[in-house]
There are 2 protein chains.
Amino acid sequence: MKFEPITIKDIAKALGFSTSTVSRALRGGYEISEETKRIVLEYAEKINYHPNPIALSLKERRTYSIGVVVSEIANNFFSQVINGIESIAYDAGYHVIITQSHELHKQEKLNVEHLASRSVDGLLISLASETNDVSYLKSLNQKGLPIVFFDRTTDEIDTHKVIANNFQGAFDATEYLIKNGKTKIAHLTNSPHLSITRQRLDGYKAALTKNGLVVNEQYIKYCEQGGQDYNEILAAVRELLTSENPPEAIFIASDKLTTGCLKALRTFSRKVVDGLSIAGFTNSNLVELFEFSLTTVRQPAFEMGQIATKLLIQLIESKRPLSEIDFETRTLQTELILKNQEIMA
Amino acid sequence: MKFEPITIKDIAKALGFSTSTVSRALRGGYEISEETKRIVLEYAEKINYHPNPIALSLKERRTYSIGVVVSEIANNFFSQVINGIESIAYDAGYHVIITQSHELHKQEKLNVEHLASRSVDGLLISLASETNDVSYLKSLNQKGLPIVFFDRTTDEIDTHKVIANNFQGAFDATEYLIKNGKTKIAHLTNSPHLSITRQRLDGYKAALTKNGLVVNEQYIKYCEQGGQDYNEILAAVRELLTSENPPEAIFIASDKLTTGCLKALRTFSRKVVDGLSIAGFTNSNLVELFEFSLTTVRQPAFEMGQIATKLLIQLIESKRPLSEIDFETRTLQTELILKNQEIMA
DNA sequence: TTGAAAGCGCTAACAA
DNA sequence: TTGTTAGCGCTTTCAA
């Protein structure tokens, strides 16, 4: 029982023109008399005509929509990125279709293939924790689907990428902990095949090394599921804090892990937790309300979404085939937000 | 530079059949020889054929997608609802298109009209704070677009609705504050034209009245923008706490207002805030990390999304016109989660 | 059992 | 300047 929308044919019939005349009047409108044009436009306005975008898509082989794949919209980082994406896309006349992978490779692939089959004009994606096979993306990309990666990227596909300066962000946070007197600094991080994991790990290690500390592999804990399963985080934190040589600080590589770690800390006695310093990547806007004061690395999420979208639209609207484009990786600076009572040494 | 997907025509040409034969082989498949069917299916499988959903949509006048409008995906309540929606929709073969109104009426209308023109098969919507004119929705609904409201509904459109028991949730929270010895209880709430605002306000008032307390209109503060603008919340909280007769407790009607209020409280001295009790609606999963301990009313958000989606799909797939359907309003129970150190009297 | 042709709504090449 | 026609990919009468 769907309603019958008004079509160009209805207008043509009502006005005694052919459909093509109406079509021409409605769009560009050169090679058409001002008079006819006026009549058609007025009538279209009056009966509230809107072209059927599905028919347009079929004809033009494009949809003016872009697909987005993130792991979780509930994650403030991603919701901020999405706001950035929307801010650009809508102004450029594109619609945004948001999907979630929930950190699962299978779900991610399903989403991407659905989006591609629905003929989105391009794709913005941050890979799931679980993903280490991007061949399906590569093949879509080679077939001509424009893709821009943000946040979690891959080296295997040559296209535009927008990331935070993960190395520097991690470096700064770690060095900050060191400057505040910590020498035993653990690192709680995401799945090892994510780009952000490697970059942040490198920053962490570099800060230790530069400050004459040794990297202790026992202190590095990976969460394969990116913290989707809280127990994974709890286990990691427990291993750290109950070891013979527990760390004095933890540097955490992502949003969900950071809040998950704080939750885990609540299961320990004050004695264990007191004196422990936490620094972590997070874009949560509720950090200031937390009981546990921590230092955070904040990514310019909104801006990241904006830039990725601009780059994608540029690709979509470019006349040149993807293979001829010089791709770039934009790196945005992170911001270190200090725990209230401490200072940057 | 878009890639050329495989069409039914390619298969027909390759196999020497007509397109209609191929089409028949691919779907239903009665009135076609087993042999031909096998050949076609095998070939289609081999070259990885997928029907073009756009063409299908044009033909069938439906898209197997449902549109969702919420105020903010960053809000945990809404992201949980969306997860519930997806869990049902995907299994039923529908795709979900998420949009945000950011509490703005104009944006909401734009989104809805975009979704409708893109021919979503149905709409799930929670109204923006700013919205009090739903005539555009009514007209779409009358033209045959199935709509299911959740959370923030309207009386002006007769269709399925799924809401929490807002009255009871508010009643319970308020009574809990009373049982813990508070008599001066303020209410911080959303825009007055939202359904949830009225329902929660009624619950609040009923609890006061039942317990022999009088309703003090000075204690009721509305935030027209639903807390999108933090200053709005700050101003309201300030008015309450700096009045001659400040409240001993505040019952807060929504997620964003609850966290916003907690932020506002941090601008006051300990003396002012100490002893103040807060109870509020929120589905944030970070409450347990907050410094300020509060009692929360939690809505079954995931379930709400699931039920709303089931009802919507039922409407979409029903053969009867919308006008002949008996609509229902499902009310789900909320959960009162007590602040740690207190008990339910 | 299969094919030819029309049609979903629109645009554009070609004619008039 | 306007109309006719074909075609985007698919399904579905109607003929064969």
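Lettering follows sequence order; numbering is per chain, from 1. Just so we're clear, the structure is a prediction, and the values are computed from it rather than from any experiment.
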Visitor: Indicate, with a heavy-atom threshold strictly under 4.0 Å, whether A/Ser57 touches base, sugar-phosphate, or nothing.
Guide: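 Answer is nothing: A/Ser57 stays at 4.0 Å or more from every strand.
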
Visitor: Do the side-chain N or O atoms of A/Tyr49 get closer than 4.0 angstrom to the phosphate oxygens (OP1, OP2) of C/dG9?
Guide: no

Visitor: By a strict heavy-atom criterion of less than 4.0 Å, which residues belonging to residues 7-21 of chain B are in contact with DNA chain D?
Guide: B/Thr7, B/Ile8, B/Lys9, B/Ser20

Visitor: Rounding to a whole Å, what distance do you find between A/Arg38:CZ and D/dT2:C1'?
Guide: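 Roughly 17 Å, once rounded to whole Å.
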
Visitor: Rounding to a whole Å, what distance do you find between B/Lys37:NZ and C/dT1:P?
Guide: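 Distance check: B/Lys37 NZ to C/dT1 P gives 11 Å.
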
Visitor: Donor-acceptor pair, distance only, cut-off 3.5 Å: does the side chain of A/Lys161 make one with the backbone of A/Thr153?
Guide: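 No: the side chain of A/Lys161 does not pair with the backbone of A/Thr153.
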
Visitor: Can a cation-pi geometry be assigned to B/Arg62 and B/Tyr64, taking NZ or CZ under 6.0 Å from the six-membered ring centre and within 45° of the ring axis?
Guide: yes

Visitor: Heavy atoms from C-beta onward define the side chain here; which of D/dC10, C/dG9, D/dT1 lies closest to that of B/Leu58?
Guide: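 Of D/dC10, C/dG9, D/dT1, C/dG9 is nearest to the side chain of B/Leu58.
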
Visitor: Is it the case that A/Ser20 and A/Ser23 place a side-chain donor and acceptor less than 3.5 Å from each other?
Guide: no

Visitor: Let's test your reading of the model: under 3.5 Å, does the base of C/dG9 pair with the side chain of B/Arg61 as donor and acceptor?
Guide: no

Visitor: Once you round it to whole Å, what is the distance between C1' of D/dG7 and CD1 of B/Ile54?
Guide: 16 Å

Visitor: Nearest to the side chain of B/Lys59 - D/dG7, D/dT2, D/dT11?
Guide: D/dT11

Visitor: Kindly say whether the aromatic ring centers of A/Tyr90 and B/His114 come within a distance under 6.0 Å.
Guide: no

Visitor: Please determine whether a side-chain nitrogen of the Lys or Arg among A/Arg330 and A/Glu328 lies less than 4.0 Å from a carboxylate oxygen of the Asp or Glu.
Guide: yes

Visitor: When you measure from the side-chain N and O atoms of A/Ser23 to the phosphate of C/dA12, is any distance below 4.0 Å, counting only OP1 and OP2?
Guide: no

Visitor: Charged N to carboxylate O below 4.0 Å: is that the case for A/Glu42 and A/Arg38?
Guide: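 The answer is yes: the pair qualifies as a salt bridge.
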
Visitor: Side-chain N or O of B/Arg24 versus OP1/OP2 of D/dT11: is the shortest distance under 4.0 Å?
Guide: no

Visitor: Measure CZ/A/Arg27 against C1'/C/dA12 and give the value in whole Å, please.
Guide: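 Whole-Å distance recorded here is 11 Å.
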
Visitor: In whole angstrom, give the distance that lies between atom CG of A/Leu56 and atom C1' of D/dG7.
Guide: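 My rounded result for the distance is 14 Å.
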
Visitor: Could you walk me through whether B/Ile66 and B/Val120 pass the side-chain contact (heavy atoms from CB on, under 4.5 Å) test, one step at a time?
Guide: CA-CA 5 Å; B/Ile66 64 191; B/Val120 290; 5.6 Å; no

Visitor: For the pair made of CZ in A/Arg118 and P in D/dC10, what is the distance, rounded to whole Å?
Guide: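 Rounded to whole Å, this separation is 13 Å.
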
Visitor: Using whole Å, report how far CG of A/Asn52 lies from C1' of C/dT11.
Guide: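 For the pair A/Asn52 CG and C/dT11 C1', the rounded distance is 13 Å.
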
Visitor: Let me know the distance between CD1 of A/Ile6 and P of C/dC10, rounded to the nearest Å.
Guide: 10 Å

